[in-house]
Amino acid sequence: MRIATWNVNSIRARLPRLLSWLERESPDVVCLQETKVVDELFPSSEIESRGYSCLVYGQPTYNGVAILSRHPIKPLLRGLPIEPDHVECRLLAGVIAGVSVFSVYVPNGKEVGSPAYEHKIAWLERFRGLLDVTPSLQNDMVICGDFNVAPEDRDVHNPERWRGRLLCSDEERRALSEVMDLGLVDVTRLHHPGPGPFTWWDYRGGAFHRGWGLRIDHIYASLRLAERCVKAETHREERKGERPSDHVPVVADFKAR
DNA sequence: ATGGCTACTCCTAGTAGA
């Protein structure tokens, strides 16, 4: 089973690239973030014609998550329970072939210490609370997404320059590690000691060309599922060429039980 | 490096992203 995650930075802007990538890589499951579109305008028919079902949870302009699958999807969750009045489409989950699949888009945080930053930390804490009562943790579960956190220095092209800054601050890393401590495995790290592989490069300043990347997109598997992970990679070629997202896909392969 | 992209929208200029 091939499971992927990709922050596409607008599903409509990225549709041609997504479709050709789907045909080339044939993932079984794809978790998308930053789709930036309401559900009625999600390009479901184009994706379904390539053999995928779509589970979507979107809003105009901002955020938006989706799960594409070659196998039937049983919807599980849309958003964090008890969301405040301000709705943000950042979490979607479904069950696919016995695996609980989560697509998450963690808030960016804007600036260390800002209200947006506090919201990011609180969001991770609430997410932890949700997972803590999820029985799937003991079974087959995968949490894919843009976590907007580079967990360690080896996830950063220049750790000294980034130290303490947004995406790398101690508080963000601690909030994420408390989620991981519930019993999740970073499957990329099973196969790559680092530095990298990076998943995001700023659009500005030729960051990709200069190698100024971060690893902020992750595939986290429950202990039981992680045992079956035989391969994990990033598709950095998707950062090249015509109209790329600023993120690239992360792809993991799991052997059958 | 922190600018100097990119994509969005009921303000094509202002906001957000990371």
Side-chain angles (χ1 to χ4, degrees), chain A residues 5-19 31-43 56-66 86-91 103-124 127 144-173 175-176 188 195-218 234 236 238-250:
Chain A
T5 185
W6 194 2
N7 178 326
V8 288
N9 185 12
S10 169
I11 184 69
R12 288 177 291 181
R14 223 62 62 207
L15 188 61
R17 289 195 74 129
L18 174 69
L19 293 177
C31 295
L32 300 175
Q33 301 86 35
E34 281 209 86
T35 52
K36 295 185 174 180
V37 70
V38 293
D39 297 350
E40 303 75 51
L41 296 179
F42 191 93
V56 299
Y57 182 44
Q59 64 189 97
T61 313
Y62 305 120
N63 311 315
V65 284
H86 178 63
V87 172
E88 297 183 339
C89 299
R90 297 184 177 277
L91 186 152
S103 180
V104 305
Y105 175 49
V106 175
N108 164 278
K110 203 178 286 279
E111 188 182 336
V112 174
S114 69
Y117 181 83
E118 298 307 325
H119 172 59
K120 177 180 194 172
I121 301 299
W123 197 96
L124 281 166
F127 182 50
C144 301
D146 176 0
F147 286 78
N148 270 316
V149 179
E152 302 176 86
D153 282 354
R154 58 180 167 156
D155 301 310
V156 182
H157 71 95
N158 185 340
E160 294 315 317
R161 189 163 284 287
W162 280 82
R163 189 159 320 283
R165 290 173 40 188
L166 189 72
L167 315 181
C168 304
S169 71
D170 291 343
E171 197 175 359
E172 290 165 86
R173 286 176 169 177
L176 179 57
T188 298
F198 304 133
T199 66
W200 169 85
W201 296 261
D202 200 313
Y203 279 126
R204 298 167 295 184
F208 179 67
H209 178 69
R210 296 173 196 239
W212 295 339
L214 300 182
R215 194 176 72 95
I216 56 177
D217 300 88
H218 308 293
T234 58
R236 67 188 307 284
E238 287 303 324
R239 189 61 179 79
K240 304 175 184 173
E242 195 97 343
R243 288 187 96 190
S245 170
D246 44 354
H247 298 250
V248 297
V250 182

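The sequence lines fix the lettering, A, B, ..., with proteins before strands; numbering per chain opens at 1.
Among the protein residues, A/Trp201 comes within range of no part of the nucleic acid, since none of its heavy atoms lies under 4.0 Å from any strand. Using a 4.0 Å heavy-atom criterion, one finds that A/Arg243 contacts the sugar-phosphate atoms exclusively. At a threshold of 4.0 angstrom between heavy atoms, the contacts of A/Leu214 with the nucleic acid are absent.
Scanning for ring-ring contact (aromatic ring centres under 6.0 Å, His included) contacts around A/Phe42 gives an empty result, with sequence neighbours left out.
Using a 4.0 Å cut-off between a side-chain N of Lys or Arg and a carboxylate O of Asp or Glu, A/Arg163 and A/Asp153 qualify as a salt bridge.
In this structure, A/Phe127 and A/Phe147 have tilted ring planes: the angle between them lies in the 30° to 60° band. Ring pair A/Trp200/A/Trp162 is perpendicular by interplanar angle, where above 60° counts as perpendicular and below 30° as parallel.
Atom CZ of A/Arg17 and atom P of B/dT6 are 12 Å apart (whole Å). Straight-line distance from the CD atom of A/Glu242 to the P atom of B/dA7: 11 Å, rounded to whole Å. One can place CD of A/Gln59 at 17 Å from C1' of B/dC10, the figure rounded to the nearest angstrom.
Comparing A/Arg14 and A/Asn158, the nucleotide of DNA chain B nearest to each residue sits closer to the 5' end for A/Asn158. Sequence order on DNA chain B of the closest nucleotides to A/Ala13 and A/Trp212 puts A/Trp212 first from the 5' end.
If you take atom C1' in B/dT9 and the same atom in B/dG4, they sit 24 Å apart, rounded to whole Å. Annotation: B/dT12 and B/dT6 have their C1' atoms spaced 14 Å apart (nearest Å). Straight-line distance between the P atoms of B/dC10 and B/dT15: roughly 15 Å, to the nearest whole Å.
No side-chain N or O of A/Ser10 forms a donor-acceptor pair with one of A/Glu34 less than 3.5 Å apart.
Between A/Arg239 and B/dC5 there is no side-chain polar atom (N or O) within less than 4.0 angstrom of OP1 or OP2.
Evaluation of the salt bridge (charged side-chain N to carboxylate O under 4.0 Å, His left out) test over residues 110-120 of chain A, restricted to residues two or more places apart or in two chains, returns A/Lys120-A/Glu172.
Each of A/Arg90, A/Lys36, A/Glu88 was checked for a side chain to side chain donor-acceptor pair (under 3.5 Å) with A/Asn63, and the lone residue meeting it is A/Arg90.
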What protein N or O atoms touch nucleotides 13-17 of chain B N or O atoms at under 3.5 angstrom, if any, and at what distances?
{"residue": "B/dG17", "atom": "O3'", "partner": "A/Glu34", "partner atom": "OE2", "Å": "3.4"}

